[in-house]
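This is a predicted model, so every value here is computed, not measured. Just follow the structure's listing: the first ligand is 1, and inside any ligand the first atom is 1. Residue numbers start at 1 and run along the sequence shown.
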Amino acid sequence: MTVLIKNGRIIDPSQGIDGRKDLLIKSRKIEGIYAAGKAPKTDKIIDASGCIVIPGLVDMHTHLREPGFEYKETIYTGTMSAVKGGITTVCCMPNTSPINDSVSITQFILDKAAKEGACTVYPIGAITTGQKSEELTELEALLKAGCIAFSDDGMPVINSLIMRRALEYSKIFNVPIISHCEDMELSKGGVMNEGFVSTILGLKGIPKSAEEVMVARDISLCELTKGRLHIAHVSTKGSVNLIRDAKKRGVNVTAETCPHYFTLTDESLISYDTNLKVNPPIRTEQDVAAIKQGLKDNTIDVIATDHAPHHFDDKDREFDAAAFGISGFETAFALGLGLVDQGILDLTEFIRKFTITPSHILRIDKGSLSAGADADVAIINTETTYTVDSLNFISKGKNSPFHKWKLKGIVEKTIAMGKVYDWR
Ligand code: DOR
């Protein structure tokens, strides 16, 4: 089966391509990019007039919830939701039940993904058994089973010696250690950013230092070990500054942020909408400005969703008792496009941070439209505005603070491993 995507604007940062060209797909692979009208005859034609044609997005930070929390999300619903958002590669964090700290859970996830997944799934293995910070997992066995990185996401690695060892191994195996930076004593009991707004609302705050002391620690350990450190979900100005300084010194650190951290401020929590409750919390205007600057000057390398679907019952509670997390797959691209509209990033740089850069960090063959690559493509109309209806998300997690927001940028079609999904 051959498919030609024509009349679109192909943007592929991995090859420095931006122009009106045609993209040819042959079964599950990219065959090549041709000057308009120069491609051979094909079985099927997709007209991408008025759209950009880009590599399927690579989301290096997601929660698919299976095994154990299938009432929140499954590998099937999660990957379908991702594909709806133009995302064709998802890396899933290990905080499932059981936790993905063993070869058998990794195999379970990969088997399920092969059978039911709508796109490519790469498991991220736990750094420590049970995410308890007591002992390292069998890192090499997990890698051989198919994990592509390690993280205790949802929990920090409290024990600094264990983090040091993990970073030492990361150098040997050449895979990143993805750090959820949180000092649990400083954040204890907190439900939102600590500051003026938390005081007004009478909610217990999480200080920015809860994140920053751990960013500083992990950068120090990375410097000591010469390992590979990736900082997850950066939310504060202080973290951006620490990472920028570390990169200047040549420390092998990369970082990501998520759409909610460059779109929202803690003032929005005045609504007491529990869909705004996320960890790390949404910060202040100064933090948002620093994150945007960090994205612009490449201190922050990657945009990832931290897709964290929760059941309605987990969110429809008092603010203090509600679960942390935002269902992010189906709004991520449009929110990121906001950065382009504001002149923070150009379209190519935005797409780079959501395709080839995470692929390079994880050393996976994704995020490119080069000949021979997997046929993962997103066809997106960047001019159309729509109103978000989170109740219509494919994800089981309807927990979006962007419900009823007007956003620009609609995914028209996604092609995941050669399979065409038409959303219109
Ligand atoms: O808000 C969050 N939700 N932050 C995390 O680190 C974990 C995630 C989850 O698993 O729900």
- prompt: Numbering the atoms of ligand 1 from 1, which are under 4.0 Å from a heavy atom of Gly154?
  reply: 6 (O), 7 (C)

task: Would you kindly say whether Ser160 and Arg217 are connected by a side-chain donor-acceptor distance under 3.5 Å?
output: yes

field: Test item: Leu203 and Tyr272 side chains (from C-beta on) under 4.5 Å apart, heavy atoms
entry: yes

task: Measure from NZ or CZ of Lys398 to the centre of the six-membered ring of Phe393 and say whether it is under 6.0 Å with the direction within 45° of the ring axis.
output: no

message: Which residue and atom name correspond to the protein heavy atom nearest atom 11 (O) of ligand 1, and how close is it?
response: Arg65 NH2, 2.8 Å

field: ligand 1 versus Ile326: contacting region, heavy-atom distance under 4.0 Å
entry: neither

- prompt: Any idea which atoms of ligand 1 are less than 4.0 Å away from a heavy-atom of His310?
  reply: 11 (O)

- prompt: Got more than 12 heavy atoms from elsewhere within 6.0 Å of NZ, Lys132?
  reply: no

query: Under 4.0 Å between a Lys/Arg side-chain N and an Asp/Glu carboxylate O for Asp374 and Arg28?
result: no

message: Using side-chain heavy atoms (C-beta onward) and a distance below 4.5 Å, is Asp301 in contact with Glu256?
response: no

- prompt: Would you call the rings of Phe173 and Tyr169 parallel, tilted or perpendicular if under 30° counts as parallel and over 60° as perpendicular?
  reply: parallel

message: Considering non-hydrogen atoms of the protein only, which is the closest contact for atom 6 (O) of ligand 1, and what is the distance?
response: His180 CE1, 3.2 Å

statement: closest protein heavy atom to atom 3 (N) of ligand 1 is Phe324 O, 3.1 Å

- prompt: In terms of residue, atom name and distance, what is the protein heavy atom nearest to atom 5 (C) of ligand 1?
  reply: Asn279 O, 3.6 Å

Close-contact set for ligand 1 against Val278 heavy atoms, below 4.0 Å: 1 (O)

message: Can you tell me if Glu182 contacts ligand 1 (heavy atom of the residue under 4.0 Å from the ligand)?
response: no

message: What I want to know is whether Gly325 and ligand 1 share at least one N or O pair that is separated by under 3.5 angstrom.
response: yes

- prompt: So, for His233 and His61, is the gap between ring centers shorter than 6.0 Å?
  reply: yes

query: What atoms of ligand 1 come within less than 4.0 Å of a heavy atom belonging to Ala308?
result: 3 (N), 8 (C), 9 (C), 11 (O)

- request: For His61 and ligand 1, answer yes if some heavy atom of the residue is under 4.0 Å from a ligand atom, otherwise no.
  value: no

